[in-house]
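Counting starts at 1 for both ligands and their atoms, in listed order.
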Amino acid sequence: MTNPLPTLDSTPHTVRGACPHDCPDTCATLVTVENGRATRIQGDPDHPVTSGFLCAKVNRYLERTYHKDRLTTPLKRVGPKGSGQFAPATWDEALTDIAAKLNAIRTSAHGPESILPYSYAGTMGYVQSQSMDRRFFHLIGASKLDRTICATAGATGMQMTVGANLGADSEGVSESDLILLWGTNTLTSNPHLWPFVLQARAKGARVLCIDPIRTRTADQCDEWIAIRPGTDAALALGMMHVLFADGLQDDDYIAQYTLGGDALRERVREYPPARVAQITGLAEERIVALAREYGRAKAAFIRVNYGLQRHAGGGMAVRTIACLPAVTGHWRRPGGGVLLSSSANFQFNKQRLERPELSPAVRTINMIRLGEALNAPDAGVGGPPVQALIVYNSNPAAVAPDTNDVRRGLARDDLFTVVLEHFQTDTADWADWVLPATTQLEHWDVHFAYGHLYATLNQPAIAPMGEAKSNAEIFRLLAATMGLDHECLRDDDITLVKQALDTTGERMHGVTFDALLEHGWVRLNVPRPYLPYAEGGFTTPSGKCEFYSERMAQMGLDPLPAFTAPYEFPDIATELAAKYPLTLISSPRHQFLNSTFVNVESLRWNAQPEVMIHPVDAARRGIMNGARVTIANDRGGFTAIAQVTDAVRETVVWAPSIWWTKLAGDGENANATTSQRETDLGHGPVFYDNLVEVSAA
Ligand SMILES: Nc1nc2c(c(=O)[nH]1)N[C@H]1C(S)=C(S)[C@@H](COP(=O)(O)OP(=O)(O)OC[C@H]3O[C@@H](n4cnc5c(=O)[nH]c(N)nc54)[C@H](O)[C@@H]3O)O[C@H]1N2
Ligand SMILES: Nc1nc2c(c(=O)[nH]1)N[C@H]1C(S)=C(S)[C@@H](COP(=O)(O)OP(=O)(O)OC[C@H]3O[C@@H](n4cnc5c(=O)[nH]c(N)nc54)[C@H](O)[C@@H]3O)O[C@H]1N2
Ligand SMILES: [Mo]
């Protein structure tokens with residue numbers, strides 16, 4: 001069952017790997033190992049997207065791996081819940097106790113559905129994030145988790161429009177003549193796109209950034225378009241209004257490859273630039289000029305990312321933007337189109353890995369409503385209360401919305417909580433058992449990507465630290481200790497990698513274990529240049545780009561692109577806005593990866609949480625640069641140091657995130673203020689649809 005361990009070779013050697021993090025770039029890494037110790041990590045210089053460099057964070061991956069606070073043995077809670085008091089224990093003790101508790105719970109009157117797995121993308125690897133864990137929970141009949149916390153609104157928006165979450169090839173950006181970075185902080189969250197942006201720019205392309213915040217990305221662009229949060233669909237509709245009015249549409253593309261062209265034309269008449277200016281806070285002339293520039297470009301590339309879909313109308317916003325290249329026919333040319341994600345290109349054998357057929361019919365709980373699920377007697381969706389929570393690859397006490405509600409749930413004395421982790425996170429502090437997990441340097445895995453078209457293998461470079469075990473191994477052991485018996489519970493990690501690759505998908509042709517072992521990464525079997533929708537080829541029910549979506553009509557939603565206001569839109573939620581007039585955006589801090597790396601000293605320095613506020617808003621509140629302020633609403637509040645700057649739109653404040661609450665000074669972070677409401681499509685979170693007030697602390 002154990003995997004072959006890396007050899008304790010005394011001559012330095014290099015091991016190929018994959019960055020495990022939740023980021024579009026999925027870098028191919030080279031790890032130098034000397035005497036069993038990793039001494040260097042670098043980006044593979046031969047990988048077309050990694051291009052030999054790693055980001056600020058992953059450059060510190062060795063520091064994180066060998067951090068003095070790494071968990072190296074199982075820990076049993078010895079103090080009151082949440083006190084953070086733990087004592088080391090053996091694996092035997094841990095497994096025996098956890099197995100007994102879970103068996104007792106699943107055979108109790110509450111039944112197995114009272115057990116809830118909670119995981120997200122601490123690692124994106126198939127083996128350590130969605131293989132043995134799924135089999136384990138399916139076989140015990142646990143509740144299922146709807147993993148919505150990041151991308152489902154936009155992904156569903158893409159599905160409704162082009163058929164799948166699949167867009168233009170990011171490497172095509174270098175061929176583009178106009179680049180719109182729309183709701184994406186590229187230099188922070190997807191930095192390996194930037195070299196392609198620079199190549200296009202060297203050939204004359206203009207680069208525009210549409211963001212309420214002048215991020216470091218916007219700073220590097222030719223223009224910053226400071227849109228009001230949550231109004232992107234209106235901007236896209238206004239652009240289409242102008243495109244049709246000026247005859248800049250591609251009639252041939254619309255006729256051949258789209259559905260509902262006339263209805264769309266009719267719809268966008270409702271969005272003249274004057275109205276759009278009012279909604280978006282942009283000047284009318286700016287909207288018209290943007291539309292004309294877009295319409296006249298030959299191959300405009302729209303890089304949308306997930307930031308803009310964290311609002312009530314997030315799904316519709318992505319859907320509406322995704323209509324643009326079908327109106328102008330930019331899909332036809334290299335460098336043209338829209339990219340949200342490349343994930344749907346990858347055809348790994350998820351069925352084989354996860355074995356969904358082993359699960360009885362059970363309820364599903366939305367991960368962004370964890371607070372409600374833990375606190376409601378019927379978990380908020382009917383059925384038994386949640387009695388056991390098994391957390392891995394996630395830090396919900398910091399990253400889930402409405403942390404006050406989440407903590408109330410985690411504090412329940414009758415809740416049995418197990419956390420698999422590298423570190424004693426905010427979530428681990430609430431556990432009954434903490435189990436030490438391996439990092440990417442210590443285990444096998446295989447990766448898709450959502451910002452490019454290369455599959456990557458991760459080989460272990462070093463032996464597990466202390467007594468750490470891979471997630472898959474932990475679930476195998478737990479299953480055995482609980483007395484579960486099924487052949488699929490015995491597959492080891494390498495077997496799981498091979499099962500993931502055992503697929504007949506045409507795009508996976510050539511993506512074999514041997515090829516990956518040799519090269520580290522393999523480009524999917526797609527042409528180059530890859531123009532997925534140059535001649536239609538949409539995977540919607542109609543086979544066309546669906547301006548009009550019958551599926552959305554059936555869901556009771558507007559079948560045509562439309563502007564859906566944020567829940568907490570000041571123009572509509574006027575009473576709330578009178579109390580809480582500022583919109584808080586809590587998007588990633590450059591040096592953190594969600595809440596990962598916050599405990600790495602060289603990335604946190606002595607920094608404290610900060611909040612950027614516009615000079616006009618600061619003056620109104622008597623807030624000076626450098627002052628400690630409270631950011632709060634009815635859900636909760638946190639403190640930060642004010643940075644008075646015109647890099648945010650008036651009435652918008654920015655708190656770079658996601659801080660570990662226990663390292664933030666006040667035990668809180670931005671999620672004290674965020675809500676558990678869901679987006680229009682995909683049941684996603686609305687982190688940035690969030691009105692607050694800022695005041696001197
Ligand atoms: N360094 C670093 N890189 C990361 C991450 C990280 O935490 N740190 N996280 C990773 C993960 S999990 C993800 S999902 C991605 C996230 O990265 P992105 O997809 O880029 O999303 P965000 O950074 O959340 O938001 C991007 C930008 O959208 C802006 N924005 C917010 N609301 C709106 C709006 O309504 N309209 C428009 N036009 N813009 C808006 C924000 O101000 C922000 O600058 O990055 C990944 N990469
Ligand atoms: N306010 C606000 N909240 C947000 C966001 C935001 O922009 N603003 N972003 C949201 C988004 S886009 C996302 S994707 C989520 C991210 O939420 P999460 O997926 O929970 O991401 P992290 O906070 O990075 O936590 C991942 C944890 O997994 C652990 N881990 C990593 N690898 C392994 C492993 O192999 N085994 C085990 N057992 N553990 C491992 C890491 O140590 C880390 O503590 O947060 C969301 N929350
Ligand atoms: Mo994410």
ask   = Between R677 and Y567, is NZ or CZ placed under 6.0 angstrom from the six-membered ring centre and within 45° of the ring axis?
value = yes
message = When you measure from the centre of the six-membered ring of Y120, is the NZ or CZ of R147 closer than 6.0 Å and no more than 45° off the axis?
response =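 Pair R147/Y120 does not count as cation-pi.
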Suppose we measure from [atom] to each protein heavy atom; which comes out shortest, and what is that distance?
atom                    : value
atom 37 (C) of ligand 2 : N393 OD1, 3.2 Å
atom 30 (N) of ligand 1 : P212 CD, 3.8 Å
atom 24 (O) of ligand 2 : T596 OG1, 2.5 Å
atom 5 (C) of ligand 2  : I658 CD1, 3.5 Å
atom 20 (O) of ligand 2 : S394 OG, 2.7 Å

Indicate, as side chain, backbone, both or neither, the part of [X] found under 4.0 angstrom from ligand 1 when only non-hydrogen atoms are considered.
X    : value
D22  : both
R310 : side chain
T184 : both

query = Hey, does the side chain of Q309 reach the backbone of G154 with a donor-acceptor pair shorter than 3.5 angstrom?
reply =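 Pair found, side chain donor or acceptor close to backbone of G154.
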task = Would you check if the side chain of N669 reaches a backbone N or O of A398 as a donor-acceptor pair within less than 3.5 Å?
result = yes
request  = Tell me, please, which residues at least two apart from D219 pass salt bridge (charged side-chain N to carboxylate O under 4.0 Å, His left out).
outcome  =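 Scan of D219 (salt bridge (charged side-chain N to carboxylate O under 4.0 Å, His left out), adjacent residues dropped) gives R214.
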Would you tell me which option among [options] has the nearest heavy-atom contact to [atom]?
atom                    : options                : value
atom 43 (C) of ligand 2 : H422, E421, H443       : E421
atom 19 (O) of ligand 2 : A151, A121, S119, A400 : A121
atom 9 (N) of ligand 1  : T215, N594, I227       : N594
atom 26 (C) of ligand 1 : S587, G314, G183       : G183
atom 17 (O) of ligand 2 : V399, T425, T673       : V399
atom 23 (O) of ligand 1 : G154, P588, S595, G307 : P588

Is there a polar contact, in the sense of an N or O pair closer than 3.5 Å, between [X] and ligand 2?
X    : answer
T674 : no
Q128 : no
Y688 : yes
S657 : no
A670 : no
P396 : no
S586 : yes

[atom2] on [Y] to [atom1] on [X], rounded to 0.5 Å:
X    : Y    : atom1 : atom2 : value
Q591 : T188 : CD    : OG1   : 7.5 Å
L308 : S587 : CG    : OG    : 12.0 Å
H422 : H67  : NE2   : NE2   : 13.0 Å

Please say whether [X] places an N or O atom under 3.5 Å from an N or O atom belonging to ligand 1.
X    : result
N190 : no
D211 : yes
T231 : no

Numbered atoms of ligand 1 (with element) below 4.0 Å of [X], judged on heavy atoms:
X    : result
W182 : 38 (N)
G230 : 34 (C), 35 (O)
T188 : 1 (N), 2 (C), 3 (N)
F592 : 1 (N), 2 (C), 6 (C), 7 (O), 8 (N)
I585 : 31 (C), 32 (N), 42 (O)
C150 : 14 (S)
D232 : 34 (C), 35 (O), 36 (N), 37 (C), 38 (N)
K57  : 1 (N), 2 (C), 3 (N)

task = Run the numbers for me: atoms of ligand 2, each under 4.0 Å from some heavy atom of L593, listed by number.
result = 24 (O)
key: Per-atom contacts of ligand 2 with T438, taking only distances under 4.0 Å to non-hydrogen atoms   =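 The list of qualifying atoms is 34 (C), 35 (O).
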What part of [X], side chain from CB on, backbone N/CA/C/O, both or neither, has a heavy atom under 4.0 Å from ligand 2?
X    : result
N669 : neither
N471 : side chain
L420 : both
R64  : side chain
N671 : side chain

task = I would like to know whether R286 and E223 meet salt bridge (Lys or Arg N to Asp or Glu O under 4.0 Å); could you show each step before the answer?
result = CA-CA 11 Å; R286 189 68 206 85; E223 217 179 311; 2.5 Å; yes
message = Test side chain to side chain contact (heavy atoms under 4.5 Å, CB included) on Y271 and M240; report intermediate values, then the result.
response = CA-CA 9 Å; Y271 291 89; M240 290 190 253; over 6 Å; no
Polar contact flag, side-chain donor to acceptor under 3.5 angstrom, W182-D232 =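 Judged by distance alone, the side chains do pair up.
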request  = Say whether Q459 and H443, considering side chains only, have a donor N or O and an acceptor N or O under 3.5 Å apart.
outcome  = no
inquiry  = Angle between ring planes, H192 versus F53, binned at 30° and 60°: parallel, tilted or perpendicular?
reply    =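 Geometry flag for F53 against H192: parallel rings.
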ask   = Taking only residues two or more places apart in sequence or in another chain, which ones pass side-chain contact (heavy atoms from CB on, under 4.5 Å) with L582?
value = I613, D617, R621, T651, V653, V692, E693, V694
